Each structure stands twice: as structure tokens, then as C-alpha cells.
Amino acid sequence: MRRTKPVRPVLVVIAHGSRDPRHAATVHALVRRVRALRPGVRVETGFLDFNIPSVQGVLESLAAEGVRDVVALPLLLTRAFHAKADIPAVLRDAPPQLRIRQAEVLGPSPLLLSALERRLYEAGLTPADKSSTGVVLASAGSTDPEAIAVIADIAREWRHTGWCAVRPAFASAALPRTEDAVRELRALGCARVAVAPYVLAPGFLPDRIARGAVEADVLAEVLGAAPEVARVVLGRYDAAWARGLRLSVSA
């Protein structure tokens, strides 16, 4: 008897949304890269706020088409409020005929560290600069202690790859700010200081990070559509799909 190959679920990338048009443009660029890496997977984009289409609108359109299986992927770097509350609430209101699996957030991941280094090298650093360069790992910030702890853990892990020092910083809700971390690294004696924004797309908080980096020697671009980020997206999609297949078999 010939087995039917399981139909791959639609990947719905869930982005935060922003009044800043650069945000949506960057999200769409990342999604195009994801599609190029995995042409056999249908990828749709929905926004929680400010931009269209909304997540609810995308899910309703898929249900109307007859789609049944969806992997909903939060385009977030940490498991904070949006991943724990906002997105599950939206998914609970989805059309009941959809079988939705929520994938894990993107971070932490070694691939994201590779993407951060890519951005620093694109901004002018070289691997030979690592031992004399202090890096500020600049995050948007969160009131969630788990998310803050993750950023601190990433900074410690990244330091062990050869940088002079790595310090976490936050654009909102937590301390230190980017400018304070830059001054700390300067006082520590690092020959140069670089700021690496640990954010996915431009917007209000990334602009605040940039203003805080005015005394740094190097400011990298946001992660954006880096190929490593696209690979993380697909890795989270594959893991969610595989988890769903295991549940189907056990049922």
C-alpha cells in the first residue's frame, strides 16, 4: 500500500508591526529570503499591529482556501509578552478548522550570533579585531525577567568566542542603556567599541539604540534579512512540524 506524503503546513510568520515603514519592508525582505531557501513551503506574513495583513486576516483567508495545517512562527528574538500572551490569544481566535502549531521564537541560536558577527564585519570590523574590540549587545528590552536573562546569557556566550568583552544593553524597560554600556567598555580599556543591535528590523527602539551608539566606533545594522536569520526561521518551522507529526502518530 502506497503511503501518502504528509502535506507541509503553511508557514505564517507573525511580525510585531510598526508605524515605521522600514519595519514591514525588512520583514518582507526576510520572508522573501525564507521562500527562496525553501520554495516548496508556502510562507505568509501577518502583523500583530499597525501593518496589514493582520494575523487574523491571514488565518481567515487560509481557512477559506481550505488550508488545514499551519505553523505560526513568532518573528521574535525572545520569549516575552508577545510570545507568551498576545500571539496565543490571536491564535485561539483563529478559524476552528485550522490546526495551528506555534513555533518557538527565534532566539537564542548560534546562527543568530553568526548573523550578529556578519553585521559587525559588514560595518567594518574584521576577525583580527575581535580580541581588542568590546561589543555592546543592544536589545530592544523587556519587562519580562526571562527575556532579560536570555540577553545576558547570550552576551556571556558571545564573549567566549574571542571578543575583548561583551555587555548587554537595552533600549527600554531595563538597564543599562546602550550609551552606558559603550562607556563601560571604553573604561575597561577596549581599543574600540562596537554596537551590535540584537533586533530584527528598524523602528523606534532600534533608532534609540543608534542614538546611544554615538560614542562607539562601529554601529552594525539590524539583523534584518541576514541568511542566518532565514535559516533559523526554517529550523523553527521544521521543529514545529516534526512535533506535530509525532503527536499525530501517537494519537
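Counting from 1, the numbers follow the sequence of the chain as shown. Given the structure is predicted, the values throughout are model-derived calculations rather than measurements.
Here the shortest heavy-atom pairing between Pro95 and Gln56 reads CD-NE2, 4.3 Å. Ala80 and Ala147 make their closest contact through CB-CB, 4.1 Å (heavy atoms, listed as atom of the first residue, atom of the second, distance). For the pair Pro88 and Ala83, the tightest heavy-atom approach, listed with the atom from each and the gap, is CD-O, 3.3 Å. For the residue pair Arg8 and Arg38, the shortest heavy atom distance occurs at NH1-NH1, 3.9 Å. Residue Ala226 comes nearest to Leu30 through the heavy atom pair O-CD1, 4.4 Å, listed as atom of the first residue, atom of the second, then distance. Among all heavy-atom pairs drawn from Phe47 and Ala24, the shortest one is CZ-CB, 4.1 Å.
Considering Leu125, Val218, Val166 as possible partners of Val135, the one that fulfils the side chain to side chain contact (heavy atoms under 4.5 Å, CB included) test is Val166.
Taking 4.5 Å as the limit, every side-chain heavy atom of Leu120 sits out of range of all side-chain heavy atoms of Asp129. Taking 4.5 Å as the limit, every side-chain heavy atom of Glu215 sits out of range of all side-chain heavy atoms of Glu179. In this structure, the side chains of Val7 and Asp69 stay at 4.5 Å or more apart for every pair of heavy atoms. Here the side chains of Arg211 and Thr178 are not in contact, with every heavy-atom distance at 4.5 Å or above. Side-chain atoms of Ile14 and Leu91, non-hydrogen and from C-beta on, do get closer than 4.5 Å to each other. Counting heavy atoms from C-beta outward, Leu200 and Val27 have side chains that stay 4.5 Å or more apart. Residues Val13 and Val34 have side chains not in contact (no heavy-atom distance under 4.5 Å, counting atoms from C-beta outward). Side-chain atoms of Ile154 and Leu113, non-hydrogen and from C-beta on, do get closer than 4.5 Å to each other.
Both Leu77 and Leu11 are assigned to one and the same hydrophobic cluster, defined by single-linkage of ILVMFWY side chains at heavy-atom distances under 4.5 Å. A continuous path of Ile, Leu, Val, Met, Phe, Trp and Tyr side chains, each step under 4.5 Å between heavy atoms, connects Leu37 with Leu223, placing both in one hydrophobic cluster. Under a hydrophobic-cluster definition in which Ile, Leu, Val, Met, Phe, Trp and Tyr are linked whenever side-chain heavy atoms come within less than 4.5 Å, directly or via other members, Ile148 and Tyr198 are assigned to the same cluster. A chain of hydrophobic side-chain contacts below 4.5 Å, direct or via other Ile, Leu, Val, Met, Phe, Trp or Tyr residues, connects Val150 to Phe170. In the hydrophobic clustering of this structure, Val58 groups with Val10; members are Ile, Leu, Val, Met, Phe, Trp, Tyr whose side-chain heavy atoms approach within less than 4.5 Å, directly or through other members.
Taking CG of Leu116 as the start and OG1 of Thr161 as the end, the distance is 10.0 Å to the nearest 0.5 Å. Taken to the nearest 0.5 Å, the CZ atom of Arg35 stands 12.0 Å off from the CG atom of Leu234. Here the straight-line distance linking atom CG of Asp144 with atom NE2 of His82 works out to 11.0 Å at 0.5 Å rounding. To the nearest 0.5 Å, atoms CG (Asp49) and NE2 (His16) are separated by 6.5 Å. Rounding to the nearest 0.5 angstrom, the gap separating the CZ atom in Arg42 from the CD atom in Glu65 is 4.0 Å. Taken from CD1 in Ile87 to CZ in Arg79, the straight-line distance is 10.0 Å, to the nearest 0.5 Å.
Annotation: Leu175, atom CG; neighbour count of heavy atoms from other residues, nucleotides and ligands within 6.0 Å is above 12. Environment of CZ in Arg19: sparse, with no more than 12 heavy atoms of neighbouring residues, nucleotides or ligands closer than 6.0 Å.
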- Task: Give the intermediate values and the outcome of side-chain contact (heavy atoms from CB on, under 4.5 Å) for residues Ser109 and Arg236.
- Result: CA-CA 11 Å; Ser109 167; Arg236 299 293 188 247; 4.1 Å; yes
- Item | side-chain contact (heavy atoms from CB on, under 4.5 Å) evaluation trace for Val233 with Val43 | CA-CA 11 Å; Val233 168; Val43 187; over 6 Å; no
- Step-by-step side-chain contact (heavy atoms from CB on, under 4.5 Å) determination, Asp217 to Arg186: CA-CA 10 Å; Asp217 302 293; Arg186 194 77 76 191; 2.9 Å; yes
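Residue pairs meeting the side-chain hydrogen bond (donor to acceptor under 3.5 Å, both in side chains) criterion with at least one partner in residues 220-235, sequence neighbours excluded, are Arg118-Glu228. Within the structure, salt bridge (Lys or Arg N to Asp or Glu O under 4.0 Å) contacts touching residues 51-60 (residues at least two apart or in different chains) do not occur. Pairs engaging residues 159-171 under the salt bridge (Lys or Arg N to Asp or Glu O under 4.0 Å) rule: Arg167-Glu184 [sequence neighbours left out].
Within the 3.5 Å criterion, the main-chain N or O of Ala220 finds no donor-acceptor partner in the side chain of Arg119. In this structure a side-chain-to-backbone donor-acceptor pair under 3.5 Å is missing from Ser132 to Cys164. Proximity of a side-chain donor or acceptor of Arg33 to a complementary backbone N or O of Ala225 within less than 3.5 Å is detected. Not a single donor-acceptor pair under 3.5 Å links the side chain of Arg99 to the backbone N or O of Arg68.
Residues passing the side-chain hydrogen bond (donor to acceptor under 3.5 Å, both in side chains) test with Glu117 are Tyr121, Lys130, Trp158, Trp163, sequence neighbours excluded. In this structure, the side-chain hydrogen bond (donor to acceptor under 3.5 Å, both in side chains) partners of Arg22, at least two apart in sequence or on a different chain, are Asp20, Asp207.
Grouping Ile, Leu, Val, Met, Phe, Trp and Tyr residues whose side-chain heavy atoms lie under 4.5 Å apart, directly or via other members, places Val182 in a hydrophobic cluster with Val136, Leu185, Leu188, Val193, Val195, Val199, Ile209, Leu219, Val222.
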